[in-house]
Number of protein chains: 2
Amino acid sequence: MTAEPAAPQPRSGKTVRLPRTARRFQLLGAAREVFVAQGYHAAAMDEIAERAGVSKPVLYQHFPGKLELYLALLDEQAHSLVSSVRRALASTTDNHARIARSIAAYFDFVNDPSGAYQLVLESDLRSEPAVRKRVENSFTECVNAIAGVIAADTGIAPGEAELLAVGLVGLAETGARWWLVTGGAVPKERAVASMVELAWRGLAGYPRRNADSAGQEPSPGTADTAVTRHGPVDI
Amino acid sequence: MTAEPAAPQPRSGKTVRLPRTARRFQLLGAAREVFVAQGYHAAAMDEIAERAGVSKPVLYQHFPGKLELYLALLDEQAHSLVSSVRRALASTTDNHARIARSIAAYFDFVNDPSGAYQLVLESDLRSEPAVRKRVENSFTECVNAIAGVIAADTGIAPGEAELLAVGLVGLAETGARWWLVTGGAVPKERAVASMVELAWRGLAGYPRRNADSAGQEPSPGTADTAVTRHGPVDI
DNA sequence: TCTGGATGCCGATCTTGACTTCCACTGGCG
DNA sequence: CGCCAGTGGAAGTCAAGATCGGCATCCAGA
């Protein structure tokens, strides 16, 4: 999914000639590194070109400008996140597992070694309408996907389901980012399990349209058993 | 809390002379408007000065530079948010009310007509370490405040409580911002109540150290009654 | 193998926009 | 009446996005 430049800088004298497609792919990789490390504004086209081992005009032969280059990367990551969440929801009909896998999807998205999640979740440049539109769209699509499942499987009104989905996405997003900045102080599975527990307890309290016993919570046990009651979360 | 310039532009010929404190206060107000409307990068010192009805050198006599001006506003808002959350937690010992008021605090923070919440929650310029530090600090302080309450009132380990607090903050933050962009399609109280419901159900499942009945959830009713069972949320 | 065209690439430069500062002016105050 | 803090117009400085003309490299066809 993420373009990896063959070598950071083939600085040995001259630049090798590359076919157009390959060069574009490499430029995207270099741009991703710089944008992630510096943010949009601090990133310089000079540095992107240098990182790719080419000169600036080459960059402008592949992309009309800095913004378009950024948007290409943003689209790439936004689609990646949305499709991950959709896959998580479609991978099972067990709603607890759906939540667990969706939250895990956020953690995995954030955990990508390239750090490209920042383009979607921590973008500067929300002042730019095109960027704002894409960020909000990806968020909304995730919300709608989750809200759809909630509304379909419970008697909750669509508007209410949407609100809950927003809360869940916020929980997953923030939890994932927090877990990342702590640098793995707690294992990922543990953090995911906590978020799932928090989320599921909330969802489980609502009545289910198909009245099976899963929606009915027994009185809570001890803290330890409560946290691990559903067992470890598998991807 | 937010400085309101007496008039956007006292464009009547000459600028009135103001005592230093008042001038600074007015400059902060003008700067807040411009930074909120345009973001840090798109904002121009020219426009801030013009908005305040003074010339640029005056601006630089009160603030060393654009960054310091921005940081002053950022501090202002970050402290506002943190103290609101702290106040909400300290205003009662009823944990359900604590959650409700804390979440409401996020909604109120976001709902400020000045839109200054953007400085904390949607700042471009996270690439700047000073900014990142302040944003993360305010987040962490909110998390710690909530985690402290959780850990104190339950048997949950501090690390686990911190994770839950992160989830709650993310839920509140994202919910509030979502509610704002929808432009009041649903009433604020309704949105807050949904977030509270989602959050509380999760928290309520955990055992309470002081075993009073508030932590024990009865079996859920219908969707409508479930949402409003706790009654409307008062500030 | 030779050749003409096309493609890829670069050094150097232009241009813009925004932060910052210099110097003269003005109006109140001792 | 003279001082001076506050003020403004305008210029300085600089970083960074965008571009122009020319050189090098590769490939198809005779």
Side-chain angles (χ1 to χ4, degrees), chain A residues 5-7 9-28 30-31 33-35 37-73 124-125 127-128 130-131, chain B residues 5-7 9-27 30-31 34-35 37-73 124-125 127-128 130-131:
Chain A
Q9 297 185 50
R11 257 283 155 267
S12 56
K14 284 299 182 182
T15 307
V16 294
R17 270 172 91 107
L18 252 53
R20 195 168 172 78
T21 303
R23 179 64 79 195
R24 181 190 160 95
F25 187 75
Q26 184 214 14
L27 290 175
L28 282 172
E33 291 179 19
V34 176
F35 278 132
Q38 319 241 152
Y40 178 84
H41 296 285
M45 295 294 268
D46 298 88
E47 188 173 347
I48 294 173
E50 187 189 12
R51 176 75 59 113
V54 300
S55 67
K56 254 192 302 183
V58 178
L59 207 46
Y60 283 93
Q61 285 164 358
H62 286 264
F63 302 95
K66 190 183 183 181
L67 178 60
E68 288 76 14
L69 176 55
Y70 187 78
L71 289 180
L73 294 169
D124 45 352
L125 205 64
S127 55
E128 177 63 37
V131 173
Chain B
Q9 296 185 49
R11 259 279 154 267
S12 56
K14 284 300 182 181
T15 307
V16 295
R17 270 170 95 103
L18 252 52
R20 191 168 176 79
T21 304
R23 178 65 78 195
R24 182 189 159 96
F25 186 76
Q26 184 213 15
L27 289 175
V34 176
F35 278 133
Q38 320 243 148
Y40 178 83
H41 296 284
M45 294 294 268
D46 298 88
E47 188 174 346
I48 294 174
E50 188 190 10
R51 177 75 60 114
V54 300
S55 67
K56 265 191 292 182
V58 180
L59 205 47
Y60 282 94
Q61 283 165 0
H62 286 265
F63 302 95
K66 190 183 184 183
L67 177 61
E68 287 76 14
L69 176 55
Y70 186 79
L71 288 179
L73 294 169
D124 44 353
L125 205 64
S127 54
E128 177 64 36
V131 173

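Atom set for the values below is all heavy atoms of this structure, side chains included, hydrogens, waters and symmetry mates excluded.
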Between [N] atom [atom2] and [X] atom [atom1], what is the distance in whole Å?
X: B/K66; N: C/dT21; atom1: NZ; atom2: C1'; result: 17 Å
X: A/M45; N: C/dC10; atom1: CE; atom2: P; result: 15 Å
X: B/E68; N: C/dC19; atom1: CD; atom2: P; result: 13 Å
X: A/D46; N: D/dT19; atom1: CG; atom2: P; result: 14 Å
X: A/E47; N: D/dG17; atom1: CD; atom2: P; result: 10 Å
X: B/E50; N: C/dC19; atom1: CD; atom2: P; result: 13 Å
X: B/F63; N: C/dT20; atom1: CZ; atom2: C1'; result: 16 Å
X: A/H41; N: D/dA15; atom1: NE2; atom2: C1'; result: 15 Å

Quiz item: Any idea how B/Y40 and B/F35 line up, ring-wise: parallel (<30°), tilted (30 to 60°), or perpendicular (>60°)?
Solution: parallel
Quiz item: Side chain of B/P57: nearest nucleotide among C/dA18, D/dG8, C/dC10?
Solution: D/dG8
Self-check item: Proximal nucleotide (of C/dC9, C/dC19, D/dG8) relative to the A/H62 side chain
Solution: C/dC9
Quiz item: Got a donor-acceptor contact below 3.5 angstrom from the A/E50 side chain to the A/S55 backbone?
Solution: no
Exercise. Between B/V58 and A/A43, name the one whose nearest nucleotide on DNA chain D is closer to the 5' end.
Key: B/V58
Exercise. Name the residue closer to the 5' end of DNA chain D, choosing between A/K56 and A/Q61 according to the nucleotide with the nearest heavy atom.
Key: A/K56
Quiz item: Would one find a side-chain N or O of B/Y60 under 4.0 angstrom from OP1 or OP2 of C/dT20?
Solution: yes
Practice problem: Ignoring backbone atoms, establish whether A/R23 has a side-chain N or O less than 4.0 Å from OP1 or OP2 of C/dC9. | Solution: yes
Exercise. To the nearest 0.5 angstrom, please state how far the CG atom of A/L71 sits from the CD atom of A/E128.
Key: 7.0 Å
Self-check item: Pair B/V54-B/R23, side chain to side chain contact (heavy atoms under 4.5 Å, CB included): steps then yes or no
Solution: CA-CA 10 Å; B/V54 300; B/R23 178 65 78 195; 3.2 Å; yes
Exercise. May I ask you to test the B/D124-A/L125 pair for a side-chain heavy-atom distance under 4.5 Å?
Key: no
